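Each remark here refers to the structure printed beneath this line.
The structure displayed is predicted, hence computed values, not measured ones. Just so you know, these numbers use all the heavy atoms, side chains as well, and skip hydrogens, waters and symmetry mates. Indexing begins at 1, ligand by ligand and atom by atom, following the structure's order.
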Amino acid sequence: MPSYNTDELKKRFIVIEGIDGAGTTTQMKILAENLRARGYRCVTTAEPTLGPIGKLIRSILSGERCVAPSTVAYLFASDRNEHLFGSNGIVEQVESGSIVISDRYALSSLAYQGLTCGEELPLRLNGSFPAPGLTLLFDIDPEIAIARIKRRPQKEIYETLEFQKHVSNMYRTMADKLQSQGWNIVHIEANADIDTVRREVFLKVFGFLGADTTR
Ligand code: TYD
């Protein structure tokens, strides 16, 4: 594992997680804009990444290519390794003083690949990646989430109500597991409208950063 400064990641690496349609991407953008307006240096990023491994993953998720479920678990872990340690990656950004917010990280693999290829492989592949300082896990009713996804033009292989119900349960199980290993995971009630969720997200993140919430 490449070297990195755990303290810097603990201070400035934030992850947003949740089932498909939970609103993580929207809230990440709102949060980042607000933090920048407050003078923080803040970068947003996502997994699967825009790099070559992320693109290969996307072609699998769209149904264009088909590989064994365990291969998908390896690909997500490789994409994550590059995301963390590659040029301009999470570690580099955090160590240069930026707050990095990622739309998904290792907990996604434990939840999704934990279902498609069993718990053991994703736990093993992701076990040595560093913990973020804060993970916000969006709790949302899968029925509400799937209704949002249905409005999108592009569909992915995991986007069925049945599967998302399982992902939702797996997220809870795996979040408890990681919490018992010291991860700082906070649940966000994400059934509400964008502004209500935004307020809850701000509260948690400002608390984490030690920011002034009265502004
Ligand atoms: P998603 O955040 O939905 O991207 P977009 O909104 O651009 O489609 O992520 C794509 C899918 O990838 C989503 O269904 C969750 C899945 N995924 C995994 O299965 N394992 C992982 O480790 C990650 C990061 C994502």
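Environment of NZ in Lys29: sparse, with no more than 12 heavy atoms of neighbouring residues, nucleotides or ligands closer than 6.0 Å. Within 6.0 Å of CZ in Arg148 there are more than 12 heavy atoms belonging to other residues, nucleotides or ligands. By the 6.0 Å contact criterion, NZ on Lys177 is open, its count of non-hydrogen atoms from other residues, nucleotides or ligands being 12 or less. Within 6.0 Å of CD1 on Ile144 lie more than 12 heavy atoms contributed by other residues, nucleotides or ligands.
Heavy-atom contacts of Glu47 reach the following atoms of ligand 1: 24 (C) (cutoff under 4.0 Å). Atoms of ligand 1 found under 4.0 Å from any heavy atom of Tyr158 (numbered from 1 in listed order, with element): 14 (O), 19 (O). Less than 4.0 angstrom separates some heavy atom of Arg80 from each of these atoms of ligand 1: 21 (C), 22 (O), 24 (C). For ligand 1, the atoms lying closer than 4.0 Å to a non-hydrogen atom of Ser109 are 21 (C), 22 (O). Using a 4.0 Å cut-off to heavy atoms of Asp20, the atoms of ligand 1 that qualify are 3 (O), 13 (C), 14 (O). Near Arg152, with a cut-off below 4.0 Å to any heavy atom, the atoms of ligand 1 are 6 (O).
A salt bridge links Glu8 with Lys11: at least one charged nitrogen is closer than 4.0 Å to a carboxylate oxygen. Ionic pairing of Arg198 and Asp195 is present here: one or more N-O contacts between side-chain nitrogen and carboxylate oxygen are shorter than 4.0 angstrom.
The ring-ring contact (aromatic ring centres under 6.0 Å, His included) analysis of residues 85-140, with sequence neighbours excluded, yields the pairs Tyr4-Phe85, Phe13-Tyr105, Tyr112-Tyr158.
Ligand 1 has Leu61 within reach: a non-hydrogen atom of the residue lies less than 4.0 Å from it. Within the 4.0 Å heavy-atom cutoff, Glu159 does not count among the residues contacting ligand 1.
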Derivation and outcome, side chain to side chain donor-acceptor pair (under 3.5 Å), residues Ser98 and Tyr40: CA-CA 8 Å; Ser98 292; Tyr40 288 95; over 6 Å; no
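If you check which protein heavy atom lies closest to atom 23 (C) of ligand 1, you get Phe76 CE2, 3.2 Å. For atom 1 (P) of ligand 1, the nearest non-hydrogen atom of the protein is Arg104 NE, 3.5 Å. Among all protein heavy atoms, the one lying closest to atom 20 (N) of ligand 1 is Gln113 OE1, 2.7 Å.
No side-chain N or O of Glu92 forms a donor-acceptor pair with one of Ser87 less than 3.5 Å apart.
Contacts between Glu17 and ligand 1, counted as non-hydrogen atom pairs separated by less than 4.0 Å, are absent for every part of the residue.
One option in Arg58, His83, Glu156 has a heavy atom closer to atom 4 (O) of ligand 1 than any other, and that option is Arg58.
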